[in-house]
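A quick note: this is a predicted structure, and the numbers were derived from the prediction, not measured. Naming convention: chains lettered A, B, ... in sequence-line order (proteins, then strands); numbering from 1 in each chain. For the numbers below, each heavy atom of this structure counts, side chains included, while hydrogens, waters and symmetry mates do not.
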Protein chains: 2
Amino acid sequence: MTGLRARVRAELTAEIKAAARRQLAAEGANLSLRAIARELGMASSALYRYFASRDDLLTALILEAYEAMGEAAERAEATVARDDYAGRFSACCHAVRDWSLAHPTEYALLYGSPVPGYAAPEATIGPANRPVAVLGSVLRDAVAAGVIEVAPPPDPPELAADLARVLADPHFAGIGEAALLRGFHAWVQLYGAISFELFGRLDNVVTAQDAFFAGQVTAMTRYVLTG
Amino acid sequence: MTGLRARVRAELTAEIKAAARRQLAAEGANLSLRAIARELGMASSALYRYFASRDDLLTALILEAYEAMGEAAERAEATVARDDYAGRFSACCHAVRDWSLAHPTEYALLYGSPVPGYAAPEATIGPANRPVAVLGSVLRDAVAAGVIEVAPPPDPPELAADLARVLADPHFAGIGEAALLRGFHAWVQLYGAISFELFGRLDNVVTAQDAFFAGQVTAMTRYVLTG
DNA sequence: TCAATGTGAGAGCACTGCTCTCGAATTGAA
DNA sequence: TTCAATTCGAGAGCAGTGCTCTCACATTGA
């Protein structure tokens, strides 16, 4: 029987995170522990019983955000016919964008400029790879089905070695260096597209954001699958 | 004869900006007016005679950074033979990356997640377009030379209208909607690639960053010029 | 029952951006 | 040259921040 104390602790921890998310969405990236404490009606010092520091709280939020984005990508990808590789890839891209548009400040937390003092803890690198892993699994299946033709590893050997190291991971095994490289290119472009849109870098230039993004996904899906 | 007071004012203004840049490079994005004042041996309140606020100082730095990056792109592009459109495009991309690697914190200021309270003033949108304008001029020349084949405007009409609005600008006039759209795609990818590298999003994955970037530029140059 | 532990509150430290006031220096015109 | 107007630096002060420490109280498990 989980002690009473443990339960209220878990609940309060969740409440703090919820308030933090709320404040993050309202105020932008500068999260204030004191403001959270005020909102919850407790002393700011009491927060430190639950999170060792502001960075600790941020890390917890980042972790959950990665998981949420990864799960969104996985769910979207799962609804597409398994042999429709372009559709799966595209669905994953759109899911990542949709999640990001729905959670802009959390996206900025994940993919915005890194906070000066803050170094991403080890614990975040796993969940951070989850969205990429979905894209990777599509490529893996496409290669296994013979839809992507295998090409020799790209030059220079140093880059090929990087790719080979990634291919050792079971998530990506079998993709082949050339296709994996194209996948990375697409991942970079996907991130650029979402960041541009979210950070308003195309405001007053591209107003048809949906169509612009969709076209970009079409182009990069073709690039990834057919070279 | 510019009064003595005006001259020392200009000098001090420059010194403040220099100290700010120094501190920005050393400490990361959280610029402290008080720390600048300390470094210059003056009272923090005196800084407000030169910049109305912290955001004002940041805006000044951002403006100069845009100009510096744009100039780097222009200079690099100018050294390539005029009829080597792929070379011009590629040189511009590499110049933007080189400048960014040399000025990482300033790059983060320009293209990182927007600071919550800070709204980019009108004065910055001109210089912000300067790097893009260089890429645009290459496309314009390539189309004029018949190297890029003209294609019908992309769907949907809403997006085509966005592109047509951009084409009204003399910098981009004559490119054509389809090629301009590909140019935007490349610009997005270029930004994504530099951000990924600078923000450490590919650390421990891609170590051959130069080769990775070069390959990406090659791919997107081909995409832009030949579809 | 009771000592060990977990928890909340408050005071306090060093820091931030920013405002205000008050002398002192520089200016340009009379 | 005189003198009012302007500019400027310094200091105090306000409200806010993350974080630490101490102290009283509540909850545990033996």
Is the backbone N or O of [Y] less than 3.5 Å from a side-chain atom of [X], with the two atoms forming a donor-acceptor pair by type?
X       : Y       : answer
T124(B) : L63(B)  : no
S137(A) : V134(A) : yes
D162(A) : A208(B) : yes
R140(B) : A173(B) : no

Students often mix this up, so state it plainly: with edges at 30° and 60°, are the rings of Y223(A) and H185(A) parallel, tilted or perpendicular?
parallel

In terms of relative ring orientation, are Y111(A) and W187(A) parallel, tilted or perpendicular, with 30° and 60° separating the classes?
perpendicular

Starting at the 5' end of DNA chain D and moving along, which residue's nearest nucleotide shows up first, A52(A) or S32(A)?
S32(A)

What nucleic acid atoms does [X] come within less than 4.0 Å of, heavy atoms only: base, sugar-phosphate, or nothing?
X      : result
L31(A) : sugar-phosphate
R34(A) : base
S44(A) : base
F51(B) : nothing

Test applied, side chain to side chain contact (heavy atoms under 4.5 Å, CB included); reference residue, R54(A); option that passes from T59(A), I36(A), L47(A), L31(A):
L31(A)

[X] [atom1] to [N] [atom2]: how many Å, rounded?
X      : N       : atom1 : atom2 : result
R49(A) : dA24(D) : CZ    : C1'   : 12 Å
L12(B) : dT7(D)  : CG    : P     : 16 Å
N30(B) : dT17(D) : CG    : C1'   : 13 Å
L47(A) : dG18(D) : CG    : P     : 9 Å
D55(A) : dG18(D) : CG    : P     : 11 Å
R54(A) : dC19(D) : CZ    : P     : 8 Å

Using only heavy-atom distances, decide whether a donor-acceptor pair under 3.5 angstrom links the side-chain of S45(B) to the base of dG11(D).
yes

Residue pairs passing the salt bridge (Lys or Arg N to Asp or Glu O under 4.0 Å) test with at least one member in residues 182-198 of chain A, sequence neighbours excluded, are R97(A)-E197(A)

Would you kindly say whether Y107(A) and S195(A) are connected by a side-chain donor-acceptor distance under 3.5 Å?
yes

What are the 5'-most and 3'-most nucleotides of DNA chain C lying under 4.0 Å from any heavy atom of chain B?
dT16(C) to dT27(C)

For DNA chain C, what residues of residues 13-26 of chain A have any heavy atom nearer than 4.0 Å?
none

